[in-house]
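Worth saying up front: this structure is predicted, and the values here are computed from it rather than measured. Counting begins at 1 with the first residue of the sequence.
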Amino acid sequence: MGNELITKADKMYDRELFDQALNLYLEALKNADEIDKPYLLRRIAECYFYKDNSDIDKALQYEEELLKQKTGEDLLREKIFYVTILAEKDREKALNMLKEMLEEARSRNIKSILPEIYNTMGLFQWGTDAAEKNFKSAMEEASKTKDLENYILALQNLAYMEAERGNNLKALDYLKNAMDTIDDAMKGISKTKRKEFKESYADLYDQAANLAMDMEDFDLAMEIAQRGKKLD
């Protein structure tokens, strides 16, 4: 019965029906075994966080319970989501926790988590010089660890922040870098997975095309739009 509830809840979750999913996850948690429990705690925290009428305290409650079951690198990774929730209540406290996590990751030589920590720190400091520095650090560390997702995310963050500052040309340069990175990555992806991979970055191409339109470079906007549709 527990697995059936989880399957139904996952379907609701995928449709972003978080309230309905939440009720099913909570019911499944009552009789969950040690294998399902961590998954359910995370999903419940996500539902409380993402639903329209967010309940930050409840989200933190279930995340805190989940953190007790994590150790080492897994604990650090889970803390990133915890501080993301916490930032809705106390951004300064969340940022300080991230700085402590950064020091811990460095002292323990856990390099793979550094790009995500830097990107998250940048988001908490959005619009500042510190945010720009952290996004660039995320790029640098992601390049070292070949973390494609966080590398492109850092470029997007930098681009969107520059666009908000009115620096459209600089923003477009960051997005062009991201598009080039995506094209290079696609060379190593099977044809069956290329469409799904590129579609996951559709918003990046839309943003770049919109920036080109704002700059009244209509040929470039069309070129970017076509580039976004090209799958091979």
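Cluster membership for L153 and I113, using ILVMFWY side-chain heavy atoms within less than 4.5 angstrom, is not shared. Hydrophobic cluster membership differs between M222 and I224, with clusters built from Ile, Leu, Val, Met, Phe, Trp and Tyr side chains linked at under 4.5 angstrom. Under the 4.5 Å side-chain heavy-atom criterion for Ile, Leu, Val, Met, Phe, Trp and Tyr, M161 and M215 are members of the same hydrophobic cluster. Criterion: ILVMFWY side-chain heavy atoms under 4.5 Å apart, direct or through other members. Under it, L169 and L211 are part of a common hydrophobic cluster. Note on L60: it clusters hydrophobically with L22, by side-chain heavy-atom contacts below 4.5 Å among ILVMFWY residues.
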Quiz item: Given the rule in the side chain to side chain donor-acceptor pair (under 3.5 Å) test, do K51 and N53 qualify, once you have shown the distances and angles that lead to the verdict?
Solution: CA-CA 6 Å; K51 67 194 188 88; N53 52 334; 3.2 Å; yes
Exercise. Step by step, work out the side chain to side chain donor-acceptor pair (under 3.5 Å) result for S112 and E141.
Key: CA-CA 8 Å; S112 61; E141 295 297 336; over 6 Å; no
Self-check item: Residue pair E65, K68: steps toward the salt bridge (Lys or Arg N to Asp or Glu O under 4.0 Å) verdict
Solution: CA-CA 5 Å; E65 188 174 345; K68 294 174 184 176; over 6 Å; no
Quiz item: Does the pair M121 and K99 meet the rule for a side chain to side chain contact (heavy atoms under 4.5 Å, CB included), with working shown?
Solution: CA-CA 8 Å; M121 288 175 66; K99 290 176 180 177; 3.8 Å; yes
Self-check item: Step-by-step side chain to side chain donor-acceptor pair (under 3.5 Å) determination, Y25 to D10
Solution: CA-CA 9 Å; Y25 286 133; D10 286 343; 2.5 Å; yes
Quiz prompt | Stepwise salt bridge (Lys or Arg N to Asp or Glu O under 4.0 Å) check, E162 with R165 | solution = CA-CA 5 Å; E162 290 299 340; R165 291 171 170 173; 3.0 Å; yes
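A salt bridge does not link R106 with E103: every distance from a Lys NZ or Arg NE/NH1/NH2 to an Asp or Glu carboxylate oxygen is 4.0 Å or more.
One N or O on the side chain of N210 and one on the backbone of D206 form a donor-acceptor pair closer than 3.5 Å. Judged by distance alone, with hydrogens and angles left aside, the side-chain atoms of D74 form no donor-acceptor pair with the main-chain N or O of K70 at under 3.5 Å. Between the side chain of S54 and the backbone N or O of F49, at least one donor-acceptor pair lies under 3.5 Å. Remark: side-chain polar atoms of N167 are not paired, donor with acceptor, to backbone N or O of K170 under 3.5 angstrom.
Within the 4.5 Å cutoff, no side-chain heavy atoms of L155 are placed close to those of F135. Residues I117 and L76 fail the side-chain proximity criterion, which asks for heavy atoms closer than 4.5 Å.
Note on ring orientation: taking the six-membered ring where Trp is involved, the planes of Y50 and F18 are tilted (angle from 30° to 60°). Using bins of under 30°, 30° to 60° and over 60° for the plane-to-plane angle, the ring pair Y62/Y48 lands in the parallel bin.
In this structure, CG on N119 lies 11.0 Å from CG on L98, to the nearest 0.5 angstrom. Interatomic distance, CG of D129 versus NZ of K133, reported as 10.5 Å (0.5 Å rounding). Remark: K136 NZ to N157 CG distance equals 13.0 Å, nearest 0.5 Å. The structure places CD1 of I152 at 11.5 Å from CE of M179, a figure rounded to the nearest 0.5 Å. Rounded to the nearest 0.5 Å, atoms CD (E46) and OG1 (T84) are 11.0 Å apart. Annotation: the span from D147 atom CG to E116 atom CD amounts to 8.0 Å, rounded to 0.5 Å.
Y160 and Q156 share a side-chain donor-acceptor pair at under 3.5 Å.
Counting non-hydrogen atoms of neighbouring residues, nucleotides and ligands closer than 6.0 angstrom, the CE atom of M213 reaches no more than 12 such neighbours. Other residues, nucleotides and ligands place more than 12 heavy atoms under 6.0 Å from the CD atom of E64.
A cation-pi arrangement is found for R42 relative to F81, the charged atom lying closer than 6.0 Å to the ring centre and inside a 45° cone about the ring normal.
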